[in-house]
There are 2 protein chains.
Amino acid sequence: MTLDDFPPGTLPAEPMVPRVDRASPSVQKVTRAEELRLQLADEIVRGTLAPGAPLDETDIARRFSVSRTPVREALRQLVTSGLVEARPHRGAVVAQPSIERLKSMFEAMAELEALCAGLAAERMSAAERHGLEAIHEELRVLSYAGNPDRFHEVNERFHNAIYAGSQNGYIAEITLATRVRVQPFRRAQFRNLGRLAKSQAEHDRVVVAIMRGDKQGAAAAMRAHIELVRGEYEIYAVSV
Amino acid sequence: MTLDDFPPGTLPAEPMVPRVDRASPSVQKVTRAEELRLQLADEIVRGTLAPGAPLDETDIARRFSVSRTPVREALRQLVTSGLVEARPHRGAVVAQPSIERLKSMFEAMAELEALCAGLAAERMSAAERHGLEAIHEELRVLSYAGNPDRFHEVNERFHNAIYAGSQNGYIAEITLATRVRVQPFRRAQFRNLGRLAKSQAEHDRVVVAIMRGDKQGAAAAMRAHIELVRGEYEIYAVSV
DNA sequence: GCTCCAAGCATTGCATGCAAAGAGAAACAT
DNA sequence: ATGTTTCTCTTTGCATGCAATGCTTGGAGC
């Protein structure tokens, strides 16, 4: 047995940060295939392209006024990063994992986030700790103000700060990748303000533990947070 | 007159150029790009293509008697899976992570393997436990017999069995992917028989803990094992 | 002799065209 | 009506060719 045939759809090499603003002329440098990859990933993560939605090479090529070649490249990369499923001769679709697999991914996310939190508790610099507290405070205000979209945005900054705090780029990467992959299956997450407040309380435990340098506590608090969050989600896995 | 002149649907249906039979008719199913991906991944993991080695599209295309298109596809996938680095307009090379990054990956591997071991301790079925013990026994014999290659092979089966025992396909996947990515940087791992014996002793602690259903113990033992293994490796990270 | 610039050139990126291969539909037989 | 078979046609896979991009190197100026 060898390691050569590792399963497809393993890991994205670079974090797939969903780009919001494509109008920015700063990123002129980008290739067409890359643009497509980011754009499609973005639409999938945001839910514009729902799980199961068909991704026809020719259609996409027309839609973006490019040839099929860069579209193929983009789709291939999305397949290996797990956001897209390619069924031979039946077209590619937005990935639609089984419930079993979704459970796997959520569990992995809980463990990975917990790992990051634990490492962050041990390793965060003073500056990073201040930064985390600042974001946490920002979230506290937002949890009152109650703008779910904005909350969601800052919430991501919160988690990203903890990933970075682990001082382990690779772990941060696979954690983010996992988060991105489950993103399409988290829907009405911050719709009600009750969830916002609860989330805030859970974050609080995480932050306190990190500030104390309490590795175990931080990991446990984060694990609990993710498990709870997961419980609130509706998990979509449309048939089969 | 070209084939364009035929209205759609009037083209001759039968194959005009009967493909010469490939050597092994069993793997007819596989696409060229996939073949290339597996072959290149294999050579990278085995060390035939050393980290930093250039991967010229045209060369590879010539070498495998295909056009650049499938080569590009294969390289792209290897990039997203982390085995290859693509530097814009400077060619692709076998991935050559910095020492910092290698440390990250090794740490991640230790944590992921520990996670798998812990979950396996809780979740492995009776059959799986028997299977693991069988592999462990096989390794014990091999550690005496002292065939490093064979030991390496069965050792992989050992770890894979634990991944599977976690009952979490996603975690198993990212753990394996991580193992694959660090593989090129593990060299003289089982060269000396002393290491084989030590490895066996460490495995033993892991197996005992798993059999007892001792989650913490299994995780700790596995983490220790990986950390030690890592200490024995020479970590190649050539410059920069 | 060193630095800066420019033109050449290797390499990548994309488009286009064609062929193979299934999947689905239609037609046929039972 | 249902199962089967053939046929069509969409979709994928690959090759080839051209264009653009920026690395590189050779030359000119300081």
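All values derive from a computational prediction rather than experimental measurement. A, B, ... follow the sequence lines: proteins, then strands. Residue 1 opens every chain.
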So, for A/A74 and A/L36, which heavy atoms are closest and what is the spacing to 0.1 Å?
CB-CB, 3.7 Å
Ignoring hydrogens, what is the shortest heavy-atom contact between B/L139 and B/N155? Give both atom names and the distance.
CD2-N, 3.7 Å
Taking N or O atoms only and anything under 3.5 Å, show me the protein contacts with nucleotides 12-16 of chain C, one pair per line.
residue, atom, partner, partner atom, Å
C/dG13, OP2, B/R72, NH1, 3.2
C/dG13, OP2, B/R72, NH2, 3.4
C/dG13, OP2, B/R76, NH2, 2.6
C/dG13, O3', A/T31, OG1, 3.4
C/dG13, N7, B/R68, NH2, 3.0
C/dG13, O6, B/R68, NH1, 3.3
C/dC14, OP1, A/T31, OG1, 2.8
C/dC14, OP1, A/R32, N, 2.5
C/dC14, OP2, A/T31, OG1, 3.1
C/dA15, OP1, A/S67, N, 3.3
C/dA15, OP2, A/S67, N, 2.5
C/dA15, OP2, A/S67, OG, 2.5
C/dA15, O5', A/S67, OG, 3.4
C/dA15, N7, A/T69, OG1, 3.0
C/dT16, O4, A/T69, OG1, 3.3

Pairing donors with acceptors under 3.5 angstrom, does anything connect the side chains of A/E43 and A/Q39?
yes
Checking side chain to side chain contact (heavy atoms under 4.5 Å, CB included) for the pair B/E113/B/T175: CA distance, chi angles, key distance, verdict?
CA-CA 7 Å; B/E113 295 251 3; B/T175 307; 4.1 Å; yes
Step-by-step side chain to side chain contact (heavy atoms under 4.5 Å, CB included) determination, A/V71 to A/L55
CA-CA 10 Å; A/V71 176; A/L55 298 169; over 6 Å; no
